[in-house]
Number of protein chains: 2
Amino acid sequence: MTAPTPVETQLRDAGLKATRTRIAVVAALRDLGGHQTADEVSTALAANDAVVSRATVFNALDDLTRAGLVMVADAGPGATRYEWADRWHHHFVCTSCGAISDVACPEDSPRCVDAPGVEGTVDDVQVIFRGTCSSCIGPGAETT
Amino acid sequence: MTAPTPVETQLRDAGLKATRTRIAVVAALRDLGGHQTADEVSTALAANDAVVSRATVFNALDDLTRAGLVMVADAGPGATRYEWADRWHHHFVCTSCGAISDVACPEDSPRCVDAPGVEGTVDDVQVIFRGTCSSCIGPGAETT
DNA sequence: GCTTCACTTAGACTATGTCTAGTTTAGACA
DNA sequence: TGTCTAAACTAGACATAGTCTAAGTGAAGC
Ligand SMILES: [Mn+2]
Ligand SMILES: [Mn+2]
Ligand SMILES: [Zn+2]
Ligand SMILES: [Zn+2]
């Protein structure tokens, strides 16, 4: 039994068991980088000889999100995209090609924007910038 | 042929034909209010003796969104929610019960927040506040 | 080392959205 | 007003995303 890594500690602090699967999912997201779907995570785990049931990947991502180890990048329709919760940030989504890129959060904090008139408690604030990315504007813009 | 309503004009200005279906979809969203899924719109149309193919409802909502007559309320997984694009605003999503409520946009403009360092053109900015709504906090909070 | 309950599993099931090929229609123009 | 044609609509098959259930497994408290 090795010394508990930070991830294991974070899990237990959130009242979750530090299972092989959850640790592998966090590692996969951190290693892959970017914004991954549940099925992409599943594939990455399988490639690492850590086959995990599809339902479990969805459950793990959900649990990890609530525990704050993983964040969701809202980007409209299609599969939900997850990423390792390193630093809080926002997203730019290209409505032409679907690409998602990070936008730094000026405050580096999940509650960076004030919420006037909200009836309830605000946990975090996500800003989604939508538009056309530079590759889609440029000379070689894809119309597909 | 009656005089063109504003909606018909808006459609033609966007290069779209002012069809019976599209007009009915906008009317349904305006009359229903709130944040509706494609299937809820479909049901509302049917109740109005205006049965429309499911694929057409999806297409119409997509076209109307691009034309600026309808807006999407991003709210995480689940069906995409549409609403009549009256005034630009943001959303508060309760992570406990899933309720979506409007949050006024201080600037009343789709480009209310500055996007530092984005590689491309920003068309609009949506802010999503996530947390727990007052009914879910209050004494009679549902755990379901 | 036990015990227990949270976790994981396979796979059926539901929900959400897309595609295609044939038909209809809005709106341009004569 | 009648004709024409690209755009829009249709039904329904298909694809993708996510949920549920009941039985087996393992992390962690003792
Ligand atoms: Mn990101
Ligand atoms: Mn709204
Ligand atoms: Zn792009
Ligand atoms: Zn609530």
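Chain A is the first sequence line, chain B the second, and so forth, proteins listed ahead of strands; every chain is numbered from 1.
- Taking 4.0 Å as the cut-off between side-chain N and carboxylate O, B:Asp123 and B:Arg111 do not count as a salt-bridged pair.
- Residues A:Val41 and A:Tyr82 fail the side-chain proximity criterion, which asks for heavy atoms closer than 4.5 Å.
- The CD atom of A:Glu8 sits 17 Å away from the C1' atom of C:dA6 (whole-angstrom rounding).
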Practice problem: Decide yes or no on salt bridge (charged side-chain N to carboxylate O under 4.0 Å, His left out) for A:Asp39 and A:Arg54, but give the supporting numbers first. | Solution: CA-CA 8 Å; A:Asp39 285 338; A:Arg54 218 170 73 91; 3.3 Å; yes

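- Salt bridge A:Glu83/A:Arg30: absent, no basic N to carboxylate O contact under 4.0 Å.
- Residues of residues 29-47 of chain A that place a heavy atom closer than 4.0 Å to DNA chain D do not occur.
- Atom CG of B:Asp13 and atom P of C:dA26 are 19 Å apart (whole Å).
- One end of the helix from C:dG1-D:dC30 to C:dA30-D:dT1 points its axis 50° away from the other end's axis, with each axis taken from 5 pairs and the angle rounded to 10°.
- Applying the 4.0 Å criterion to OP1 and OP2 of D:dG18, one finds that A:Thr80 has a side-chain N or O inside that range.
- Within the 4.5 Å cutoff, the side chain of A:Leu61 has heavy atoms near those of the A:Leu29 side chain.
- Note: CZ (B:Phe58) to P (D:dT16) measures 16 Å, nearest angstrom.
- In the model, B:His89 has no side-chain atom that pairs as donor or acceptor with a side-chain atom of B:Gln126 under 3.5 Å.
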Quiz item: How would nucleotides 7-12 of chain D be written as a contact map, 5' to 3', with B for base contact, S for sugar-phosphate-only contact and - for no contact, using protein heavy atoms under 4.0 Å?
Solution: SSSBBB

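- Between the side chain of A:Trp88 and the backbone N or O of A:Val125, at least one donor-acceptor pair lies under 3.5 Å.
- Considering only heavy atoms from C-beta on, B:Arg22 stays 4.5 Å or farther from B:Val7 through its side chain.
- Distance CZ (B:Arg12) to C1' (C:dG27): 8 Å, rounded to an integer number of Å.
- Side-chain atoms of A:Ser42 do not come within 3.5 Å of backbone N or O of A:Ala38 as any donor-acceptor pair.
- The shortest distance between side-chain heavy atoms of B:Val72 and B:Arg81 does not fall below 4.5 Å.
- Side-chain contact of B:Asp102 with B:His90: a donor-acceptor pair under 3.5 Å is absent, judged by distance alone.
- Between B:Arg81 atom CZ and C:dT16 atom C1' the separation is 12 Å, expressed in whole Å.
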